[in-house]
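Written below as structure tokens is the structure these notes are about.
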There are 2 protein chains.
Amino acid sequence: MSKNKDVLGEEQSGPLMADVAKLAGVAISTVSRALANPGRVNEKTRQKIDAAAKQLGYTPNAMARGLRVGKSNIIMIVLPGSLYYGASQVIPQVLQSINKSLIQGGYNLMIANLDRDEASERHILDLAFGGTVRGAIILSSKLPEVDGRSLASAGLPIVSMLLDMSEVGLPSVVTNDREAIREATNDLLGLGHRRFLYLAGPQENYHDVERFAGVIEALRAAGLPESAVVRSGGLLDYQQGFNIGLAAADDFAALGDKPTAVIATSDDMAISFMSRIQSMGLKIPEDLSIVSFDGSPVCAFCSPPLSTIEQPMEEMGQTAVALLLSAIDRTDEPRQLRNVIRSRLIVRESMATPKV
Amino acid sequence: MSKNKDVLGEEQSGPLMADVAKLAGVAISTVSRALANPGRVNEKTRQKIDAAAKQLGYTPNAMARGLRVGKSNIIMIVLPGSLYYGASQVIPQVLQSINKSLIQGGYNLMIANLDRDEASERHILDLAFGGTVRGAIILSSKLPEVDGRSLASAGLPIVSMLLDMSEVGLPSVVTNDREAIREATNDLLGLGHRRFLYLAGPQENYHDVERFAGVIEALRAAGLPESAVVRSGGLLDYQQGFNIGLAAADDFAALGDKPTAVIATSDDMAISFMSRIQSMGLKIPEDLSIVSFDGSPVCAFCSPPLSTIEQPMEEMGQTAVALLLSAIDRTDEPRQLRNVIRSRLIVRESMATPKV
DNA sequence: CGATTCATAGCAAACGTTTGCCAAAAACCG
DNA sequence: CGGTTTTTGGCAAACGTTTGCTATGAATCG
């Protein structure tokens, strides 16, 4: 029974299932079944129980249930510690979309930051192995692994988002980065551009590899050599987008044979690049065309409005959740590992025919 | 014992405390104490147990512990469903800061979206009354309340952030909105401005009230009438910031006696306003000065770079967590209810002396 | 009408910890 | 060296559910 002893300092614990049972005049197990298994109990008894529960303001204890059934209803999202700042709204969008989908499925979302330190890895592993979470969606390239325990071997369903990890067996939801940027490059080629500046993210990064490959593919197809594109950046993290853009503008200024079009791998880079370039007296798009990646809403209000490749975060989030839940339910439909959601180039005024 | 029966289809559950106990040759209760209460057990036994635990890769089950001790280690953050999009990084910053502080205190962060529908309220209440969460940080103005149950009466420590709810008894962490914007207005007055346009958020909103009051206070102190400021907007949510800015630009164009300075209550508004104003042929800051609120990093790269009031989210998050944890620990230091973290105006080139 | 099924409800044993209480052993003291 | 305190370890009872099994009564059928 509810042990509200009215003793000051005692933690109050709300009404228990036993209280509901007593009030409804049935056994505790019947209450349990009435609340969870609507079919298993007589409609009349069920109504009596529902009424009693409502009257008492009964809410079942999630941990007790979790312990008993051996499952939690919490999903964790593993975010790299540094994914924040800039202009992009990817993270909030992802969180919102995922949370919404999860809740519809009866799950809750827990945030876990994966930094470079061992403590954060250990923490995530504790969450996984300690039964706190039921599954994970990761936006990080490496899986936590520390003294013997690895997230991969925790027996949890895992889905990777944004990064393609299908090669290590993880269901992944990604966009067609490569293709999207290839088409953007094609558009620039079509406008007459022949020399490009590419603002790179971290060298080894999946996205950077994919995106640069997209540029190269477009150049090849147009019969241009790889030397038609100059790389700038490649050392700093995407979090440093603004700084990458600034540095790239300086690189540009120092360049002999000037490119006429810039392909930036994030909106942050593009925005700060434009800002500095314009303060050097160059005009966009007259002197220089520019296109970037991320689809930040603010791009529409840059001067000039910035062409950017928009990633459908809403849809990606939904897909990731769908994959995860189907893995949880062992709905062993042979889901494909690599799920591609198409990105979309939003064309704005930052692209034009080159001057010369 | 670990019941890995090697039966296909059985959920694997990792090693149990009983397994560790057996391996170490002690009782299960000793293991529990060794792991949690380092003092209560002989150092030698403790080492033996630690070794056994590590060898087995043992991780204690969080739900079992939670059930037993009657407490969870999860904190939920209640976000209004619409706080996303735009240019501001407040939400990600808040999440990161809060999560970091929480983890240091041994807690985890769960996300809860509070929309306008009853379902989301019910969901949050279930989390609270079902014992899933131990406390809440809310960024929303109303507390969920549905058929009898109210978040306020869930017996959970709650801290409000960004919105001052100290008047209803909730410890709150806020910035000095009013003062900050008063000073910004003062700066504009000092530059010689005498007519202002104010871009408002939703009318009844706490922030809008505070911020507008700040403007008025500054005007009064300078001996100007309230009519020196024209309001625009006031109907749409902050989420609609870009649209508010656009509409305000049109309002401005239609105005007879033109203001020379604009005070925007979010960066989004300011950015889209500037964009449209400039496309009308007006120069900023020559024809029109502008200052806004939020401290979005991207403001530094607008043209011209935008003056904005930066809210110290990192510090606010830390403070909110500190308040919450001290409430949980019943460290009944009579913490003050209203905690103000000072915002800071970042002056950039969008402010200048008026032309005439 | 007796035998067999079916629907419904109850008992009690889990789930994996923590912790109050007691016993044994060790340490200390006069 | 006996008695007293202190340390250490173990037993078993919680925590609040779910669920397999069983018992009861009602319903069905031959």
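Sequence lines set the chain letters: A, B, ... in the order given, protein chains first and strands last, and positions in each chain run from 1.
A donor-acceptor contact shorter than 3.5 Å is absent between the side chain of B/Thr59 and the backbone of A/Asp126. When atom types are taken as modelled, the side chain of B/Asn99 and the backbone of B/Gln96 share no donor-acceptor pair closer than 3.5 angstrom. A donor-acceptor pair under 3.5 Å is formed between the side chain of B/Asn42 and the backbone N or O of B/Lys44. Put simply, the side chain of A/Ser72 never gets that close to the backbone of A/Gly66: no donor and acceptor are under 3.5 Å apart. Not a single donor-acceptor pair under 3.5 Å links the side chain of A/Ser172 to the backbone N or O of A/Val174.
Within the 4.0 Å cut-off from OP1 or OP2 of C/dT17, at least one side-chain nitrogen or oxygen of B/Tyr58 is found.
For A/Asn61, taking side-chain heavy atoms from C-beta onward, the closest of the listed nucleotides D/dT19, C/dG16, D/dG16 is D/dG16. When each of C/dT17, D/dT17, D/dC15 is scored by its nearest atom to the side-chain atoms of A/Arg68, the top-ranked nucleotide is D/dT17.
At a threshold of 4.5 Å between non-hydrogen side-chain atoms, the residues A/Pro80 and A/Leu139 count as touching. The side-chain heavy atoms of B/Leu79 and B/Val94, taken from C-beta on, include no pair separated by under 4.5 Å.
In this structure, NZ of B/Lys71 is placed 16 Å from C1' of D/dG16, rounded to the nearest angstrom. Taking atom CG on B/Leu67 and atom P on C/dA14, their separation rounds to 17 Å, with Å as the unit. Going from atom CG of A/Leu35 over to atom P of D/dT19 covers 13 Å, rounded to whole Å. The distance from atom CE of A/Met17 to atom P of D/dC15 is 15 Å, rounded to the nearest whole Å. Taking atom CG of residue B/Asn37 and atom P of nucleotide C/dT17, one finds them 16 Å apart after rounding to whole Å. Protein atom NZ of B/Lys48 is 13 Å distant from nucleotide atom P of D/dT8, rounded to whole Å. Rounded to a whole Å, the CE atom of B/Met63 is 11 Å from the P atom of C/dT17.
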*At under 4.0 Å between heavy atoms, which parts of nucleotides 5-12 of chain C does protein reach? Answer with one letter per nucleotide, 5' to 3': B base, S sugar-phosphate only, - none.*
---BBBB-
Pairs under 3.5 Å (N/O, protein and nucleotides 23-26 of chain C):
none

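Of the residues in residues 126-133 of chain B, not one places a heavy atom less than 4.0 Å from an atom of DNA chain C.
Considering only residues two or more places apart in sequence or on other chains, B/Glu43 meets the salt bridge (Lys or Arg N to Asp or Glu O under 4.0 Å) condition with B/Arg46. Applying the side-chain contact (heavy atoms from CB on, under 4.5 Å) test to A/Ala322 and every residue at least two apart in sequence or in another chain returns A/Arg335.
Nearer to the 5' terminus of DNA chain D, by closest-nucleotide assignment, is the contact made by B/Val69 (compared with the other of A/Val31 and B/Val69).
Counting non-hydrogen atoms of other residues, nucleotides and ligands closer than 6.0 Å to NZ of B/Lys100 gives a total of 12 or fewer.
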Expected list for residues 159-166 of chain B: side-chain donor-acceptor pairs under 3.5 angstrom, two or more places apart:
unit_1, atom_1, unit_2, atom_2, d
B/Ser160, OG, B/Leu163, O, 2.6
B/Asp164, OD1, B/Ser166, N, 2.9
B/Asp164, OD1, B/Ser166, OG, 2.7
B/Asp164, OD2, B/Arg338, NE, 2.7

